[in-house]
Amino acid sequence: MGLFRPGKTRYVDADILVVGGGFGGCGAAYEARYWGRDLRIVLAEKANIERSGAVAQGLSAINCYMGMHWGENRPEDFVRYARGDLLGLVREDLVYDIARHVDATVHKFEEWGLPIIQDPKTGRYQREGRWQVLIHGESYKPIIAEAARKSVDAVHNRIMVTHLLTDRARPDRIAGAVGFSVRDGSFYVFRAKAVIVGAGGASHIYRPRAIGEGTGRTWYAPWSSASAYGLLIPTGAKMIQMENRIVLARFKDGYGPVGAWFLLLKSQATNAYGENYEAAWLDELRARVGKYADAQPMPTCLRNHAMLEEMKAGRGPIYMHTQEVLDSKEKEEIGWEDFLDMTVGQAVVWASQNIDPKETPSELITSEPYVMGSHATCSGAWASGPEDCAPADYQWGYNRMTTVAGLFGAGDTIGGSAHKFSSGSFTEGRIAGKAAVKYVKDLKGEAPQLDEAQVKRLEAAVFRPLETYRLGRNAIVAGTVAPDYLTPLQGLQRLEKLMDEYVGGYSVFYVTSEPLLKRGLELIGMLKEDMERVGAEDLHQLQRAWELQHRVLTAEAVARHTLYRQETRWPGYYYRADHPRLDDAAWHVFTVSEYDARTGDWRMGKLPVHHIVE
Amino acid sequence: MPTYTDMTRCDGCGECVDICPSDIMHIDRVYRRSYNIEPNFCWECYSCVKACPQHAIDVRGYADFAPLGHKVRVLREEARGVISWKIRFRDGRLKAFTFPIRTTPWGSIRAPADYAAPDAGALRSPLLAHEPEALKVEALPALRPQG
Ligand SMILES: Cc1cc2nc3c(=O)[nH]c(=O)nc-3n(C[C@H](O)[C@H](O)[C@H](O)COP(=O)(O)OP(=O)(O)OC[C@H]3O[C@@H](n4cnc5c(N)ncnc54)[C@H](O)[C@@H]3O)c2cc1C
Ligand code: SF4
Ligand code: SF4
């Protein structure tokens, strides 16, 4: 333990490097191989792709499927839905692009062996709601991983990717990535012509509601370490909508999903007095957000708002009346499978608290906020859109390429395209995979060159926490309190507390303001300085140290964007107390930031929202 | 702690270490058996529980909100393509469920390179692999280009 620079340096060459083997990454690997038969395609993953990412334990539904061949929905319908849910602000070209391809992805999943439940009467996929189809999805991730493994030249599991590399001559062009093996401590240098980042969104940016062991039971996985943003931001890639964090209404403590209960089983949520409270808040919501309050279905954040107001008024607990709907064995199985396939922890909560959903209602609560790009939210990188339908200022050559040449993204990485979920993230990976092949082929001889000095600097930085710990540890007898270093957990807890208190976490009912944000940013600034002094006692803690680095930078982006957008666009996700209403005249735009890693400066701006679907 | 290892069942094979997405199942140096080093980073995802050949790992719900006395046990049978759950409530009530997990043999997915190579010009079209056939509609939908 505590050996400085424990392993060798290993160089890996690739035409296309995929960072993160979750849904976006696996889709990218598959499609890149389909089009790039002669290319070297390599995947680097911090865990084991067999069970990694947000879908590690499985899912019980595919939340994005059109059913075009049955005439169920058209891509335009989906754009209207996503736009309404995000109160007007989505990249319609990107959402449309996912919607028009996603059915092919899902049909392929079925062919590969994913059990998709069929409606015995119609023979179609059993719908959970308008966009969702039910699956027996415990093995969703292993099935997708099998396809990805068969697509690449090599999967490098247990490589924590810490930084992206840029070209020696052109810093706005990608040249690869570095990271380390969490198993043997080798320093990995990936030289690549194109990089596709599918490293997933962020939990543990804000203080979780649980306080002990239960902090592991966040809604988004504890290993969703914000790397999709933490890797991109230092390259200067433009990021958008980082203020658009998501808060989820879920079963209390276990964070079991509610979709099947609301949509399929038609269960009702009420306050403690049995009142259906949502409709009662509609007028108040109209005063806050205007016409957007009348979008159908009611936008996710506005439903949160109604629940929060009930809780503030002391009319909690909020209950989901599961007992009213589980009137058959079949429905009981659907209810339990919903959790056993994707949130086993909720089944554990029920068993432990003697809650049989057939007999007893269950509490709902709003979660701590998360930062991601694939759910009812759309933080992430500004990306080029599809050549055949994106507005001119939304495209610069290669679909899903960020503003750094050769750097692509998928899933949580890409901003503006909400409601992708698992199938849409995989689809976006496919779109990025094909575009990256095209990019590499167009490059011909002009391969990017590594900047050796940059690699050496990063090598020292990557392993520094081990050295910091070794030296600092000698100054104390035992325990976790040392004057010269912070453990990754101590740094994480400081981040979560300050984000909660200053940047609108659950403990202040998601409220923030300019003075609070400015004070929060001061404290983030000091935390960033202290990040130079994080100590890691072993390789596992070194992984935690770099996850924290990615989280801190992402958190800063969230605070900067929240400060910049002077309105309350999404009540129920967060509130700017000093700008309590939605303001379409000034803020019907995307917020965009560019970070300068050398100076630590952020440049903020606005980008236009084009409506290309009626 | 969320997962814990039964001292008498674990033989130290390391399957749980290999699979845990959180990298928190580690082998104890003294006992040469696994344990959860960071319960507060455990998602109760059951990946390790499902993977353990000795059925040596179990879950005790998070202490900060799960009262003691419950059990949620699982048996995942890849070859049969099913997963079975047994749930015991704190008050002793029992429930059992079995669900399918896959409809095709493991390893049977056709690799993308096993399909005929697309012609070079198709790289410039918006079509993805297996389209339009896999869409099951005649053509990929498109919007008119925008200025
Ligand atoms: C509880 C829950 C329920 C959900 N329910 C549904 C549902 O019912 N239906 C649905 O369609 N979708 C659902 N989703 C959403 C879906 O899981 C996500 O939208 C999707 O997984 C996002 O894909 P991604 O590729 O961006 O991220 P992920 O799938 O999370 O993949 C990210 C990958 O990157 C790896 N990684 C991260 N950082 C690094 C690094 N620094 N170096 C190397 N590798 C790294 C991770 O280990 C992981 O493998 C749910 C998610 C959760 C958590
Ligand atoms: S997989 Fe099971 S037997 Fe093997 S080390 Fe882990 S707990 Fe022990
Ligand atoms: S339940 Fe999941 S997170 Fe917890 S130790 Fe097992 S594999 Fe790791």
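Predicted, not measured: the structure shown is a model, and the values here were computed from it.
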Item to check | Stepwise side-chain contact (heavy atoms from CB on, under 4.5 Å) check, V72(B) with F339(A) | outcome: CA-CA 12 Å; V72(B) 176; F339(A) 296 136; over 6 Å; no
Checklist entry - What part of D38(A) is in contact with chain B, defined as an atom under 4.5 angstrom from a non-hydrogen atom: side chain, backbone, both or neither? => result neither
Checklist entry - What part of R149(A) lies closer than 4.5 angstrom to a heavy atom of chain B: side chain, backbone, both or neither? => result neither
Checklist entry - When you look at H130(B) and K108(A), which way does the side-chain contact (heavy atoms from CB on, under 4.5 Å) test go after all the steps? => result CA-CA 9 Å; H130(B) 322 303; K108(A) 223 55 198 167; 3.3 Å; yes
Checklist entry - Between the side chains of H540(A) and E38(B), is a donor N or O closer than 3.5 angstrom to an acceptor N or O? => result yes
Item to check | Segment of Y398(A) engaging chain B (4.5 angstrom heavy-atom cut-off) | outcome: neither
Checklist entry - Which bit of V106(A) comes within less than 4.5 Å of chain B, counting heavy atoms only: side chain, backbone, both or neither? => result neither
Checklist entry - Can you tell me if E44(B) uses its side chain to pair, donor with acceptor, with the backbone of G216(A) under 3.5 Å? => result no
Item to check | Presence of salt bridge, K95(B) and E332(A), under 4.0 angstrom | outcome: yes
Checklist outcome for this item: Closest heavy-atom pair, P2(B) versus E213(A), reported as atoms and distance to 0.1 Å, is CD-OE1, 3.4 Å
Checklist entry - What part of Y34(A) gets closer than 4.5 Å to chain B, counting heavy atoms only: side chain, backbone, both or neither? => result both
Checklist entry - With respect to chain A, which residue among P132(B), G69(B), C20(B), G92(B) yields the maximal number of heavy-atom pairs within a distance under 4.5 Å? => result C20(B)
Next on the checklist: Counting heavy-atom pairs under 4.5 Å with chain B, which one of L489(A), I355(A), V437(A) comes out on top?
Outcome noted: I355(A)
Item to check | Check ion pair E138(A)-R102(B) (N to O, under 4.0 angstrom) | outcome: no
Checklist entry - G212(A), A47(A), S52(A), G36(A): which one forms the most heavy-atom pairs within less than 4.5 Å of chain B? => result G212(A)
Checklist entry - Looking just at side-chain N and O atoms, do R60(B) and S352(A) make a donor-acceptor pair shorter than 3.5 Å? => result no
Next on the checklist: Please classify the contact of Q543(A) with chain B as side chain, backbone, both or neither, using a heavy-atom distance under 4.5 Å.
Outcome noted: side chain
Item to check | P142(A) versus chain B, the contacting section by heavy-atom distance below 4.5 Å | outcome: both
Item to check | Centroid-centroid under 6.0 Å between W336(A) and W85(B) rings | outcome: no
Item to check | salt_bridge(R124(B), D442(A)) N-O dist < 4.0 Å | outcome: yes
Checklist entry - Short question: side chain of R158(A), backbone of D18(B) - any donor-acceptor pair under 3.5 Å? => result yes
Item to check | Presence of salt bridge, R183(A) and D23(B), under 4.0 angstrom | outcome: yes
Checklist entry - Of the listed residues (A129(B), A66(B), S47(B), A134(B)), which shares the most heavy-atom pairs with chain A below a 4.5 Å separation? => result A129(B)
Item to check | Interatomic distance, W43(B) atom CH2 to Y255(A) atom OH [nearest 0.5 angstrom] | outcome: 13.0 Å
Item to check | Interatomic spacing from OG in S151(A) to CD1 in I109(B) - rounded to 0.5 Å | outcome: 9.0 Å
Next on the checklist: Looking at L135(B), is its backbone amide N or carbonyl O close enough to the side chain of D103(A) to form a donor-acceptor pair, meaning the two atoms are under 3.5 Å apart?
Outcome noted: no
Checklist outcome for this item: So, the part of I116(A) with a heavy atom under 4.5 Å from chain B: the answer is neither
Item to check | Contact class of Y46(B) relative to chain A, heavy atoms under 4.5 angstrom | outcome: side chain
Checklist outcome for this item: Bottom line for Q395(A): the part with an atom under 4.5 Å from chain B's heavy atoms is neither
Checklist outcome for this item: Okay, P386(A) and chain B: the region with an atom under 4.5 Å from a heavy atom over there is neither
Checklist entry - Distance-only, no hydrogens or angles: does the K434(A) side chain make a donor-acceptor pair with backbone N or O of P126(B) under 3.5 Å? => result no
Checklist entry - Under 6.0 Å from the six-membered ring centre of F65(B) and within 45° of its axis: does the NZ or CZ of R209(A) meet both? => result no
